[in-house]
Amino acid sequence: MIFLEKIIDKESFFEIIAKRRSIRVFSNDPVPKADLERILAAATFAPSGTNSQPWHFVVVKTESIRKKMAAAVEAKMDEILTWPETADKVRRINAYRRSFTFFGDAPVVIAVLGKDHQTIVRKTIESHGVVQSRNRPSSAHLSVAAAIQNLLLFASVLGYGTCWMTGPLIAAQEIEEILGVEEPWYLSSVVPLGRPAEHPVIRSRKGLDKVVTWMP
Ligand SMILES: Cc1cc2nc3c(=O)[nH]c(=O)nc-3n(C[C@H](O)[C@H](O)[C@H](O)COP(=O)(O)O)c2cc1C
């Protein structure tokens, strides 16, 4: 066992976690490949179901590709707004537009891909016809999420801003086509990355009294 408490001061590590913020405005400063490699390496040290590591990272620096991805999300927004069921929600839906598309302006966009992975136990349960009463996230989804969180945290240690984004997934198929993503891979999230050009305050969090149940 490696004694992690000797590597980093505990309070500093807590601060790294507590002070990370989603960043939505970036400077144009280029991001050196060496930094991206460290950040992506941190992502790959996340835990994953049976160590399946069901993730892949597509790093997009080219402006024309970033813009094409964001334009696909814009176009999907426009399409949604033509649907009859959105007629009375135009303003509310449009309010999401920027928070789904700003990633196109970041110097780097990381498209995080996932792929399903099932243990023999899960496969057996499914083939037995057991229907789960509720939708639960798959082990693969959870593993990819853990990798993304590692990525965000280590990026913030290196002074980069990031934002975990699933809004762009309204155009998931179009983005997959732009990036040449093929099955079994699917687009899980989009993470813009760059030097922050905004310094938002820490958003409040629910207190432990609201989110923890201590069993007697
Ligand atoms: C799974 C997930 C999806 C998210 N998708 C978006 C998004 O599409 N656009 C956006 O602006 N922020 C997105 N966010 C960022 C959240 O809005 C943000 O994490 C939350 O408001 C808390 O703020 P903080 O990250 O600064 O602490 C997403 C976060 C998560 C975890």
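Indexing begins at 1, ligand by ligand and atom by atom, following the structure's order.
For the pair Ser48 (side chain) and Ser143 (backbone), a donor-acceptor distance under 3.5 Å is absent. Side chain of Arg66 to main chain of Val108: no donor-acceptor pair is present (N/O by atom type, distance under 3.5 Å, no hydrogens or angles).
Protein neighbours of ligand 1 below 4.0 Å, counting non-hydrogen atoms: Arg20, Arg21, Ser22, Arg24, Ser99, Phe102, Cys163, Trp164, Met165, Thr166, Gly167, Pro168, Arg203, Arg205.
In this structure, Val190 is a member of the same hydrophobic cluster as Leu113, with clusters built from ILVMFWY side-chain heavy atoms closer than 4.5 Å.
Counting heavy atoms from C-beta on, the side chains of Tyr160 and Ile23 never come closer than 4.5 Å.
Minimum interatomic distance between Asp35 and Arg195 (heavy atoms only, all atoms of both residues): OD2-NH2, 4.3 Å.
Residues satisfying the side-chain hydrogen bond (donor to acceptor under 3.5 Å, both in side chains) criterion with Asp78, sequence neighbours excluded, are Arg97.
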